[in-house]
Each structure stands twice: as structure tokens, then as C-alpha cells.
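All chains are named by letter (A, B, ...) in the order of the sequence lines, taking the proteins before the strands, and each is independently numbered beginning at 1. Excluded from the calculations below are hydrogen atoms, water molecules and symmetry mates; all remaining heavy atoms, backbone and side chain alike, are included.
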Amino acid sequence: MGSSTVHELDQDFINSFRSPATAGNRIRDLNPISFAIIMLSCSVTAIALPGPAGPAAICLLFAVLSVAAGLAKTFLPLYGKLFAVVGLILFVLRAAFLPGNHILWTVGPISISAEGIIQGLNFSLVVMAVCGAVTFFFAVTPMKNLMLALEQRGVTPRATYIILASFQAITDLGKNTKVVMDAQKSRGIETEGGMVRRTTAFLPILAPVFLAAMSQTEERALALDARAFNSRNRHSHLVSLRPVSSAEIIVVCAVALGAVLSIVGAVFIWN
Amino acid sequence: MKHKKGFSALMRSYGRLTIFMIPIGIATNFIGGQIAILLKLPMYLDSIGTILVGALCGGLPGALVGTISNLINSITSPTLAPYATLSILFGFLAGWLSKHGVFKSLWKTLLASIPFALIGSILGGLITIWVFGGLGGSGGALIVGALVAAGMDLNAAVFTAAIPMDFLDKIPTVLVVFLILKRIPTRLFVKLPLGYVYLNKAKTTSTTSAVNPVDDEDDELALG
């Protein structure tokens, strides 16, 4: 009995790799390359559309899409933070320092002009729309799916390995850093106090983490060799991506067309 | 397919361990920045990995480390993406300096902080002016704002804020790079493209073992 349930579980697990990977959501199941083109078109549209309203609408669109993709919980706080920090700094500094004729009010050396406010609003919203496209893309697309899609397009596995290994290394070395920091503290290295003292604590934490990682490179070379990473034949993959549907191609073309039209509009109509 | 062959051949010409050093360099950039925050240091210290890989593997791998680190940072704060140019130059500069043995002596290393800091502040300032009109989206922009409020010209304020900040950052950075390079064991230097510099050997003797492309592709990651 026991062994048969284990066997069934194994079958489920194996079967999960027989069909293409799915996140159970239409937006998240888009091919990474198609989604990249859509997001690029959105940022181009945001740059080309006039006034504060155009880019603001694109920013709002990302928020709506994130809800539709079921990612509101992860994306909205991140995007809100970008708005609150980067967007606000970009806007406030422009509103305060850009010269203009219609001075609204003056505080000491700072004079706030109507032109400064409009320009600040335009610029910060365009930057925020482009930022939104980038952050939303990576909130939706898992890095391994993106790399798989790139590999299918002919990018060498060496390049995709470097990217994926980098993310793994950031997590691994981050964990090691905490361990080394605690170890060095317990050996009596001061991590608090004056600036000079804190600066001298930097090297004893970073150096062991770097040197340990470096000496593991040989093992990694062997591990990849054991998995035939250097074989000239086409690499096989455990996970496969869904084939691109014709509806997806139509959506991508429509969004790209929108971007082209907005550029035409920017050149001939509203500028 | 042509591109594929080009990248593989390029990576191979940089020796066998370079492909594994790049992710470590990237992670080092990140944890360097994190340790600086944990220790509440008023500097970034986030280009140590770029300079280390540049010094050990050559300019191009160093530039790759800088670019990818910057792009990964851009995922959560996309306004940093234009500054990838700086990281690329840091990588190439580190490779060039390393080839000329600069990181072998302490005083030369300390002098090397000058070009790094000048690139960081002057080119960084120019990017801030070109892309963001002088008023960027980081904490440094607040200092620029304060200087402008005190009556300084906007462009002058950008550089006045950046130059001391960058020297404060790059002097400890190159110092840490120098001290880490001192601690790398000989057996690892032997396998790295620029390791011959630190082993005080002529380039010709080590190119055959470390840099020369291996024709048999199945053997290129073998340890030798």
C-alpha cells in the first residue's frame, strides 16, 4: 500500500513535466519574448504619448494588469515604493528648481513655478511608466522561463547559465555572508562603533565569502561536465514552454502597432 | 548560430574558470553593497566584484560582471540602468590595470582609485545630466538639490556632490580588491587568465596552459 501511494505521487510528479509549464493565468503564460515585446511597446507608447495623462494611463494599466495576473500583492507594493522614492524625488526636485515665468510661491531660494510642476510631472511619470514596464515584466516572468525562451531562440547555454548562476550565487553568497559575519563577531571583530572601526570590519566579512566561492569553481566545472554541459548536441530540458498561439501573436502585433501609431502621433500631431 | 559560436569561442579564449567567476563577481558586487549597508558605511562598495573579476580574468569578463550586476539591479530600480556604462568601463579599466601589474603593489593600487573615482564621478555626473537633466532619482540628488538651493549652478552642483562621494567609495574598494588578491591561493591563480601577473611569470609560459583555446570542446572545462 505504502509503496503504491509513493508510486502514484511519483507518477504525478513525472507527469507534471510532460506538459508545458503553466502558471494557470493567461498573462503569466505568455511567451517571455512576446511579453517583452508588449512591455517594450508600452514604454515606447508612454514616452510618445502627450502630457502627464498619457504616461499616467500606462502606469495605471500596469497596476490593472498586475491584478489581472494575480500578482497585485508582489507588484503593487514594489511599484508603490518606486513611486514614493524615485518618482517623488524626480518630481519634487524639478518642481522646485526648474525655472519658469509663472512663479506660484517662493520659499527662501526655492521658487516653485507652474512650468516646473508640469515638466516635473511629465518627466517623472514617463520614467515611472518605463520603470513599471521593467518591474512588471520581471514580476510576471520567472528568470528560468526567460532564459529557456532565449535558448530556444539560439542564445548559447553558456550565456543563460551565467545569468541563472548569478541569481543563485547572490542567494548562496548572501547566506554565507550572514554565517561569516556571525563567526567573525564571535571571534571579536567589532561591527559597531566609529566609522573607521566599522570600515575595518568589512574585509574580514567579504574576503572569506569570496575566497570560499572561488575555490568552489572547480567543483562546479566538474558538475557541469558530468551533466554533459559542453556537449555539441542540442541540450535537453526538463521544462518546456507553451507553444505560441495565434491569439498571442495578434495581441503582440496590436500592442506594437499601438506603439508605432503613438510615435507617428508624437511626430505629426501633438508635438 | 554565428553569434552562438562567437560567444562560446570568446568565453573559451578567456580560460576555463572564467565562466564560473562571472556569477561570483556579480554576487560579490551585491553582497559588498549589502555588507556596507549592514555596517552602516556611507559608501556603496558595490563594484568590488567587477574590479576583482576584471583583475583576475581580464577586461571583458569584468565588464560583463558590471553590466549584468547593473541590469539585475535595474529589475527593481530601473533608473539605475543608464549607469551600466560606468560598470563596463570599471571592468575594462581593472583588466588593463591588472595586466600592467598595478594591483601588485599597495601604493599603485591606491593611485588606481583616482581613475576609478574620476570615471565614477565625471561620467556618472554626465549621465545624470544627459538622462535626468541633472536631477537624478537617488539620495545623492537631494545633495545636488541642496547645493542648487544654496545658489550653485545645477551642472556644477552635480559634480561637486559626486566627486568626494566617489573618492570615499573607490579608495576602500580598491583597497579591499588589493587585500583579497593577496589572499588568493596560487593553485587558483594558475587557472585564471591574468593569474600569471600575480605569479610573477611571463605571459608566454602560462598562455599555453590557461588562455589558449582548447580545440576539443568536451575537454574545455577539464581542470588542468
Could you report the tightest heavy-atom contact between [X] and [Y], atom names first, then the distance?
X      : Y      : result
B/I24  : A/L173 : O-CD2, 4.3 Å
A/A169 : B/P23  : CB-O, 3.8 Å
B/L41  : A/M195 : CD2-O, 4.3 Å

Inter-residue atom distance [X].[atom1] - [Y].[atom2], 0.5 Å rounding:
X      : Y      : atom1 : atom2 : value
A/M214 : B/I184 : CE    : CD1   : 4.0 Å
A/I170 : B/Q34  : CD1   : CD    : 8.5 Å
B/I19  : A/Y161 : CD1   : OH    : 7.0 Å
B/T76  : A/L82  : OG1   : CG    : 7.5 Å
A/L93  : B/F132 : CG    : CZ    : 12.5 Å
B/K191 : A/T217 : NZ    : OG1   : 7.5 Å

Portion of [X] that has a non-hydrogen atom of chain B nearer than 4.5 angstrom:
X      : result
A/S215 : both
A/L211 : side chain
A/T135 : both
A/Y79  : neither
A/F137 : neither
A/L88  : neither

Interchain contact, [X] with chain A, by part (heavy-atom threshold 4.5 Å):
X      : value
B/L56  : side chain
B/V131 : backbone
B/L154 : neither
B/L188 : side chain
B/S74  : backbone
B/I72  : side chain
B/L52  : side chain

Is there side-chain contact between A/C131 and B/T79, with at least one heavy-atom pair below 4.5 Å? yes

Validation row: B/L38, A/F202 side chains within 4.5 angstrom (heavy atoms): no

Answer yes or no: are there more than 12 heavy-atom neighbours, outside B/K104 itself, under 6.0 Å from its atom NZ? yes

Do you know which of [options] has the most heavy-atom pairs under 4.5 Å to chain A?
options                    : result
B/G49, B/A27, B/G133       : B/A27
B/I68, B/V65, B/L71, B/L45 : B/L45
B/P172, B/G32, B/G25       : B/G32

Steps toward side chain to side chain contact (heavy atoms under 4.5 Å, CB included) verdict (B/I75, A/M143): CA-CA 11 Å; B/I75 291 173; A/M143 196 50 79; 4.0 Å; yes

Name the member of A/R94, A/K81, A/R220 that forms the most heavy-atom pairs with chain B at distances under 4.5 Å. A/R94

Residue among A/I162, A/V92, A/T191 with most heavy-atom pairs under 4.5 Å to chain B: A/I162

Between A/K178 and B/I31, does the side chain to side chain contact (heavy atoms under 4.5 Å, CB included) criterion hold? Intermediate values first, please. CA-CA 10 Å; A/K178 284 200 189 84; B/I31 59 167; over 6 Å; no

